[in-house]
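Keep in mind that this is a model prediction, so the values were computed, not measured. Residue numbers count from 1 along this sequence.
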Amino acid sequence: MNGNPKDSPARLEQTIERYNAAWDAHDLDAIMAMHAPDMVFANHTAGEAAAGEDVRDLIGTIFETWPDLIFETRRLYVREALVVQEWDATATHTRTMRRGAIVAEPTGRRIRWEGIDSIPFEDGLVKRKDVYSDSISILRQLGLV
């Protein structure tokens with residue numbers, strides 16, 4: 001426990017609501033404003049990671065790949081300085097998707113996948129975002145596995 005009022009569960013419930021809204025709006029400026037300067041973003045299942053200002057480009061690539069990407073929170077767990085959320089993502093495959101050596105040209109399919117985020121906070125800002133998404137489900141729905 002860090003005891004910072006900005007990291008209290010009540011404050012973080014409001015913060016994560018704004019953060020999730022910024023993700024659904026694809027508002028990179030708002031997202032980045034909620035990150036600590038040395039923040040680390042890692043999607044462990046996609047093998048993507050970035051830190052600090054480089055996070056902007058990584059998230060921007062996600063929005064470019066999935067221009068209509070939206071999230072729905074299934075479960076939200078808020079504790080002092082930590083938010084864990086389970087979510088469903090939905091997007092239309094209208095752009096080329098790359099996952100390592102796999103390249104998927106647009107299919108026009110509307111797809112859905114699940115994931116979970118572990119998000120520690122420091123001084124009311126996102127310190128890390130560790131994402132575990134069901135990437136295999138994406139590949140299945142695109143007919144790649």
Side-chain angles (χ1 to χ4, degrees), residues 4-100 102-144:
N4 186 326
K6 292 180 181 178
D7 295 331
S8 72
R11 286 285 289 275
L12 289 186
E13 284 183 20
Q14 297 169 358
T15 302
I16 199 65
E17 187 175 315
R18 288 192 320 274
Y19 189 67
N20 289 343
W23 269 85
D24 281 343
H26 297 199
D27 187 339
L28 277 171
D29 290 334
I31 293 167
M32 294 301 293
M34 289 185 253
H35 288 174
D38 60 347
M39 184 269 189
V40 174
F41 178 99
N43 184 327
H44 298 279
T45 51
E48 302 168 335
E53 191 57 34
D54 292 340
V55 171
R56 175 184 288 275
D57 291 338
L58 178 55
I59 296 172
T61 299
I62 294 168
F63 293 153
E64 287 172 18
T65 302
W66 306 104
D68 64 347
L69 175 66
I70 57 168
F71 295 90
E72 181 180 336
T73 301
R74 283 186 286 122
R75 290 181 194 88
L76 183 67
Y77 307 95
V78 181
R79 302 293 181 265
E80 173 111 10
L82 177 66
V83 171
V84 175
Q85 60 183 355
E86 298 175 30
W87 46 261
D88 294 325
T90 308
T92 309
H93 184 221
T94 58
R95 308 259 173 93
T96 302
M97 183 196 77
R98 290 177 170 75
R99 286 288 184 271
I102 298 172
V103 177
E105 295 302 329
T107 62
R109 293 181 183 154
R110 186 86 173 143
I111 63 172
R112 181 192 154 284
W113 65 98
E114 298 176 347
I116 187 168
D117 298 336
S118 175
I119 309 172
F121 283 78
E122 184 177 276
D123 198 28
L125 298 173
V126 174
K127 186 71 173 167
R128 292 188 61 87
K129 183 171 183 179
D130 290 289
V131 178
Y132 301 90
S133 60
D134 183 4
S135 296
I136 294 297
S137 177
I138 296 169
L139 298 177
R140 274 191 198 113
Q141 291 174 72
L142 296 180
L144 298 172

If you draw a 6.0 Å radius around CD in Glu114, do more than 12 non-hydrogen atoms from other residues or ligands fall strictly inside? yes

So, applying side chain to side chain contact (heavy atoms under 4.5 Å, CB included) with Leu139, which one of Ile111, Asp134, Leu144 is it?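 Among Ile111, Asp134, Leu144, the one meeting side chain to side chain contact (heavy atoms under 4.5 Å, CB included) with Leu139 is Leu144.
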
Given Trp87, which partner from the list Thr73, Asp117, Asn20 fulfils the side-chain hydrogen bond (donor to acceptor under 3.5 Å, both in side chains) test?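 The side-chain hydrogen bond (donor to acceptor under 3.5 Å, both in side chains) with Trp87 is passed solely by Asp117 among Thr73, Asp117, Asn20.
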
Which pair of heavy atoms, one from [X] and one from [Y], lies closest together, and at what distance?
X: Asp24; Y: Ile70; answer: OD1-CA, 3.4 Å
X: Leu125; Y: Ala36; answer: CB-N, 3.6 Å
X: Met34; Y: Ala22; answer: CE-CB, 3.9 Å

Take Val103 and Glu105, measure what side-chain contact (heavy atoms from CB on, under 4.5 Å) needs, and give me the verdict at the end. CA-CA 6 Å; Val103 177; Glu105 295 302 329; 3.7 Å; yes

Got a second to check how far [X]'s [atom1] is from [Y]'s [atom2], nearest 0.5 Å?
X: His93; Y: Arg109; atom1: NE2; atom2: CZ; value: 9.0 Å
X: Ile102; Y: Met97; atom1: CD1; atom2: CE; value: 7.0 Å
X: Asp27; Y: Phe63; atom1: CG; atom2: CZ; value: 8.5 Å
X: Leu76; Y: Glu17; atom1: CG; atom2: CD; value: 9.5 Å

Donor-acceptor pair, distance only, cut-off 3.5 Å: does the side chain of [X] make one with the backbone of [Y]?
X: His26; Y: Leu69; result: yes
X: Arg95; Y: Pro67; result: no
X: Asp38; Y: Ala51; result: no
X: Thr45; Y: Ser133; result: yes
X: Arg128; Y: Ser118; result: no
X: Gln141; Y: Ser137; result: yes

Would you say the ring centers of Trp113 and Trp66 fall short of 6.0 Å from each other?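 They qualify: ring centres under 6.0 Å apart.
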
Less than 4.5 Å apart, side chain to side chain, heavy atoms only: is that true for [X] and [Y]?
X: Met39; Y: Met32; result: no
X: Phe41; Y: Val131; result: yes
X: Asp29; Y: Arg56; result: yes
X: Glu48; Y: Thr61; result: no
X: Val126; Y: Phe121; result: yes

Between Asp68 and Arg110, is a side-chain contact (heavy atoms from CB on, under 4.5 Å) present by the stated rule, with each step listed? CA-CA 10 Å; Asp68 64 347; Arg110 186 86 173 143; 2.7 Å; yes

Tell me whether the rings of His35 and Tyr19 are parallel (<30°), tilted (30 to 60°) or perpendicular (>60°).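 Rings of His35 and Tyr19: tilted, 30 to 60°.
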
For Thr90 and Glu72, what are the C-alpha separation, side-chain angles and deciding distance, and is it a side-chain contact (heavy atoms from CB on, under 4.5 Å)? CA-CA 8 Å; Thr90 308; Glu72 181 180 336; over 6 Å; no

Please evaluate residues Ile59 and Trp23 with respect to the criterion side-chain contact (heavy atoms from CB on, under 4.5 Å), reporting the C-alpha separation (whole Å), side-chain torsions for both, the decisive distance (0.1 Å), and the verdict. CA-CA 9 Å; Ile59 296 172; Trp23 269 85; 3.6 Å; yes

